[in-house]
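One structure is given here, and the rest of the page talks about it.
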Amino acid sequence: MRYKLKKINNTYQLGKRYLNDFFHTDAYNKNVIEKGKTPSRTDVINYLVSKFNREVHYLEIGVRYPDHNFNKINAKFKYSVDPGVENKANPVKFKLTSDEFFSELKSNKILITNNKFDIIFIDGLHQANQVERDILNSLEFLSEDGFIIVHDCNPPTESHARETYEYVLSPSGGSWNGTTWKAFYKFRKSTTFFSCCIDSDWGIGIISKKIKLGEPTKINNPFFEFQIFDKNRVKSLNLISFENFMRILEINTKS
Ligand SMILES: C[S@@+](CC[C@H](N)C(=O)[O-])C[C@H]1O[C@@H](n2cnc3c(N)ncnc32)[C@H](O)[C@@H]1O
């Protein structure tokens with residue numbers, strides 16, 4: 001009985017330590033802040049859809065539950081890719097990984113009459129090397145005036161930016177942005193493409209071949225360290241508000 005009480009007391013003390021731990025309270029508070037931000041990824045994508053004077057071809061990589069985003073996108077031609085890791089029902093057109101999908105596109109096995117997309121939303125596997133491949137492959141199939149949108153570019157804490165999703169007892173809990181930021185930051189160094197990140201919905205990264213969304217980042221972070229990123233996140237990502245993004249787009253698309 002005494003032993004049992006001691007065990008309960010130890011568990012209680014441990015729980016109290018977790019609840020009061022700075023990293024846990026910080027991640028909890030930042031989860032609340034991020035979830036309260038607007039606009040959503042869906043609003044941003046639909047805003048971009050509305051900017052085209054033609055029927056838009058939209059591709060979403062990583063769909064999970066179509067009602068959360070895919071079904072709400074106002075494009076006329078929509079294509080969905082997902083291997084069904086998180087939702088076994090997986091109601092998508094291409095039940096493939098993004099690598100398999102792009103490989104089939106490249107070998108002309110699918111979408112033979114039109115394989116160019118105006119908007120590509122990358123939201124599949126949130127690991128830097130995969131996201132980098134998704135961006136590179138997307139650039140090949142993006143129309144010249146198109147946009148690549150990358151979800152989860154602005155992890156609020158190191159725990160959100162952990163490599164492994166399954167570590168759900170970490171401070172950010174089930175909220176996970178993975179290492180997507182590293183791939184996006186790498187493209188922020190590029191002088192060939194333009195990019196920025198809207199400060200909402202965990203960081204909505206935007207890449208364009210044509211529209212001057214901002215200068216490449218001068219922040220040096222050769223080992224992709226989170227603390228350097230955290231101190232310099234505005235310049236690393238070209239982190240801007242949605243209002244600012246709309247202004248930049250209006251100025252740079254005026255003929
Ligand atoms: C965060 S969810 C997508 C959420 C959705 N885009 C939205 O806005 O609501 C990530 C999805 O990526 C899928 N996924 C995992 N690995 C993938 C891969 N290699 N290629 C494409 N999708 C992948 C998972 O099955 C999961 O459904």
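Each ligand, and each atom within it, is numbered from 1 in the order the structure gives.
- Shortest non-hydrogen contact noted between N46 and N74 is OD1-N, 2.8 Å.
- Numbered from 1 in the order shown, with element, the atoms of ligand 1 that lie under 4.0 Å from a heavy atom of E60 read 5 (C), 6 (N).
- The proximity of N90 to ligand 1, defined as any non-hydrogen pair under 4.0 Å, does not occur for either the backbone or the side chain.
- By the 6.0 Å and 45° rule, K78 stacks over the aromatic ring of F70.
- Of the heavy atoms in H151, none comes closer than 4.0 Å to ligand 1.
- Linking Ile, Leu, Val, Met, Phe, Trp and Tyr whenever their side-chain heavy atoms come within less than 4.5 Å puts V44 and Y58 in one cluster.
- In the hydrophobic cluster analysis, where Ile, Leu, Val, Met, Phe, Trp and Tyr join through side-chain heavy atoms closer than 4.5 angstrom, I45 is grouped together with I206.
- No N or O atom of I61 sits closer than 3.5 Å to an N or O atom of ligand 1.
- In this structure, F245 and F242 have parallel ring planes: the angle between them is below the 30° cut-off, well short of the 60° mark.
- Looking only at heavy atoms of the protein, atom 22 (N) of ligand 1 is closest to P83 CD, 3.2 Å.
- In this pair, H57 and Y79 present their aromatic rings parallel. The plane angle is below 30°, not in the 30 to 60° band.
- Considering backbone and side-chain N/O of H126, none are found under 3.5 Å from N/O of ligand 1.
- Side-chain contact between N154 and D199 is present, with heavy atoms from C-beta onward closer than 4.5 Å.
- Annotation: G62 places an N or O atom under 3.5 Å from an N or O atom of ligand 1; distance criterion only.
- Taking any N or O of D82, backbone or side chain, at least one lies under 3.5 Å from an N or O belonging to ligand 1.
- Taking only nitrogen or oxygen atoms, main chain and side chain alike, S98 reaches within less than 3.5 Å of ligand 1.
- Proximity of V63 to ligand 1 is established by a heavy-atom distance of less than 4.0 Å.
- Near H68, the atoms of ligand 1 lying under 4.0 angstrom from a non-hydrogen atom of the residue are 9 (O).
- Not counting sequence neighbours, N232 has no partner by the side chain to side chain donor-acceptor pair (under 3.5 Å) test.
- For ligand 1, none of its N or O atoms has an N or O atom of T97 under 3.5 Å away.
- Listed by first then second residue, pairs satisfying ring pair (Phe, Tyr, Trp, His ring centres under 6.0 Å) with a partner in residues 171-190 read H126-W176, Y165-W176, W181-F229, Y185-F224, not counting sequence neighbours.
- Where the criterion is an N or O separation shorter than 3.5 Å, residue side chain and backbone included, R64 meets it with respect to ligand 1.
- At a heavy-atom cutoff of 4.0 Å, ligand 1 is contacted by the side chain of F121 but not by its backbone.
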